[in-house]
Undergrad: 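Questions regarding the structure given below will be posed in turn.
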Number of protein chains: 2
Amino acid sequence: MASSKAVQAHLVAAFRDECRRRGLASTHQREVIYRVAASRIDHPTPEAIYDLVKREIPSVSLATVYKNLNIFLEAGLLREVTMHHGSLRLDPNTHPHHHLVCERCKSIADLPGEGVEPVRIRSKLPKGFRVERYSVEFTGLCPKCAQRQ
Amino acid sequence: MASSKAVQAHLVAAFRDECRRRGLASTHQREVIYRVAASRIDHPTPEAIYDLVKREIPSVSLATVYKNLNIFLEAGLLREVTMHHGSLRLDPNTHPHHHLVCERCKSIADLPGEGVEPVRIRSKLPKGFRVERYSVEFTGLCPKCAQRQ
DNA sequence: TACTGTTTGATAACAATTATCCGCCAATGT
DNA sequence: ACATTGGCGGATAATTGTTATCAAACAGTA
Ligand SMILES: [Mn+2]
Ligand SMILES: [Mn+2]
Ligand SMILES: [Zn+2]
Ligand SMILES: [Zn+2]
């Protein structure tokens, strides 16, 4: 099995290539920010990444972390867990149901709970996680955005 | 079929009962904020609700809207579309996969895409919506939080 | 009507994120 | 190796979304 360091070395090499391909300078800060973010499976916040990067580069600026994370998001090297993190979105539908989310205009439409066959889990869940409910988020283009595109 | 006004009258009546049950004063502001939020199927932001309420109560304060929306959320009269709207959460896993979200500590764990049988849609989608991908969000308690109950 | 705890509106404070600006450095060409 | 230059990093101001504070007004109760 590959060691963590070997995996990270591979990731960093791929990262360097990606930088050249996109005309991005490969700076020390950029590399550390990427390595830290890519090594985490816990879906950290920018602040959490900032704290980790500071251990290696105490002088790093929070703005630099944000700027690079956004670059990585645009490049597709990282993803955001959900598209709705900007502002609270309220839902008067208190029954279990699902959502259709437009990635262009961020509109959200309901799909009733019965609109989807019960979701079946194949693999084992992380030991001890107690599921209380679930919902499916379908991402794509809403009618309006699909039309004018 | 019930008219929109009849539906709203029913909602407002239920709302008044709910207020009495919970020892909440039923003020004009509170009633309008609830009626506006409950009548929307488009998952509006607090700002959007504020703009709509202002049409009926031009002097209403944004803080009042926020305070009441939070009261409605606690009461279970409204829900938030997602738990992750506070801050950006980054994900280095760029493959399709699902998430286990702890409603207590907000931790997020991955479930690989193959860990769930393909989701099947029963009902018709809103006409013209083009689905590009989907992911399932399982909500509950993570091992740590489930343990300390 | 008088009493009392709640609610409202105005605004300050706070948190998360982005914009601005300038000195510096990585990439490129010589 | 050196000079040039456009991008980059750090500091910090500005913006956005949300919550806290507080005095005046109000709803519930008797
Ligand atoms: Mn909904
Ligand atoms: Mn993930
Ligand atoms: Zn759209
Ligand atoms: Zn937890």
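Keep in mind that the numbers below use all heavy atoms, side chains included, and drop hydrogens, waters and symmetry copies.
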Undergrad: Could you state the atom-to-atom distance from CZ of A:R30 to P of D:dG10 in whole Å?
TA: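 The distance from CZ of A:R30 to P of D:dG10 comes to 11 Å, rounded to the nearest Å.
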Undergrad: Relative to the 5' end of DNA chain D, which residue comes earlier, A:V60 or B:T27, by the nucleotide with the nearest heavy atom?
TA: A:V60
Undergrad: Over all strands shown, is A:G86 touching base, sugar-phosphate only, or nothing at heavy-atom distances under 4.0 angstrom?
TA: sugar-phosphate
Undergrad: Walk along DNA chain C from 5' to 3' and tell me the first and last nucleotide with an atom closer than 4.0 Å to a non-hydrogen atom of chain B.
TA: C:dT7 to C:dT17
Undergrad: Measure CD/B:E74 against P/D:dT19 and give the value in whole Å, please.
TA: 11 Å
Undergrad: Side chain of A:K67, base of D:dG10: donor and acceptor closer than 3.5 Å?
TA: yes
Undergrad: Please verify the inter-ring angle class for B:F138 with A:Y134; under 30° counts as parallel, over 60° as perpendicular, anything in between as tilted.
TA: tilted
Undergrad: Looking only at the side chains, is there a donor atom on one of A:E137 and B:H99 sitting less than 3.5 Å from an acceptor on the other?
TA: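 The answer is no; no qualifying pair exists.
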Undergrad: Could you check how far CG of B:L69 sits from P of D:dT19, rounded to whole Å?
TA: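 Result: 10 Å.
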Undergrad: With a non-hydrogen cut-off below 4.0 angstrom, is A:A25 in contact with a base, only sugar-phosphate, or nothing?
TA: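 Counting heavy atoms under 4.0 Å across all strands, the contact made by A:A25 is with sugar-phosphate only.
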Undergrad: OP1 or OP2 of D:dG10 less than 4.0 angstrom from a side-chain nitrogen or oxygen of A:T64, does that happen here?
TA: yes
Undergrad: When the distance from CD of A:Q29 to P of D:dG9 is rounded to whole Å, what number comes out?
TA: 5 Å
Undergrad: Specify the separation, in whole Å, of atom OH of A:Y50 and atom P of D:dG9.
TA: 14 Å
Undergrad: To the nearest Å, how far apart are B:E47 CD and D:dT19 C1'?
TA: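 The answer, rounded to whole Å, is 14 Å.
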Undergrad: Remember a base hit wins even if backbone is also touched, and classify A:H85 as base, sugar-phosphate or nothing at under 4.0 Å, heavy atoms.
TA: sugar-phosphate
Undergrad: Has B:Y66 got a side-chain N or O lying under 4.0 Å from the OP1 or OP2 atom of D:dT19?
TA: no
Undergrad: If a pair satisfies side chain to side chain donor-acceptor pair (under 3.5 Å) and one of its residues is in residues 114-132 of chain B, list it, with sequence neighbours excluded.
TA: none
Undergrad: Working to the nearest 0.5 angstrom, can you tell me the gap between B:L78 CG and B:I71 CD1?
TA: 11.5 Å
Undergrad: How close do A:I33 and A:V65 get, counting heavy atoms only, and between which atoms?
TA: CD1-CA, 3.9 Å
Undergrad: Look at A:R35 together with A:E31 and state whether they make a salt bridge at an N to O cut-off of under 4.0 Å.
TA: no
Undergrad: DNA chain C: B:A63 or B:L24, which has the more 5' nearest nucleotide?
TA: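 Per heavy-atom nearest nucleotide, the more 5' residue is B:L24.
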Undergrad: Check whether any side-chain N or O of A:D91 sits under 3.5 Å from a backbone N or O of A:N93 as a donor-acceptor pair, and report yes or no.
TA: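 It does hold such a pair.
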Undergrad: Considering every strand and a 4.0 Å limit on heavy-atom distances, what is the contact class for B:T45: base, sugar-phosphate, or nothing?
TA: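 Answer is nothing: B:T45 stays at 4.0 Å or more from every strand.
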Undergrad: Rounded to the nearest Å, what distance is computed from the CG atom of residue A:L88 to the P atom of nucleotide D:dT19?
TA: 8 Å
Undergrad: D:dC8, OP1 or OP2 - any side-chain N/O from A:N68 closer than 4.0 Å?
TA: no
Undergrad: Taking atom CZ as the centre, does B:R21 end up with more than 12 heavy-atom neighbours from other residues, nucleotides or ligands that are less than 6.0 angstrom away?
TA: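 Atom CZ in B:R21 is packed in, count exceeds 12.
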Undergrad: Give the rounded distance in Å between these two atoms: CD1 of A:I33 and P of D:dG10.
TA: 8 Å
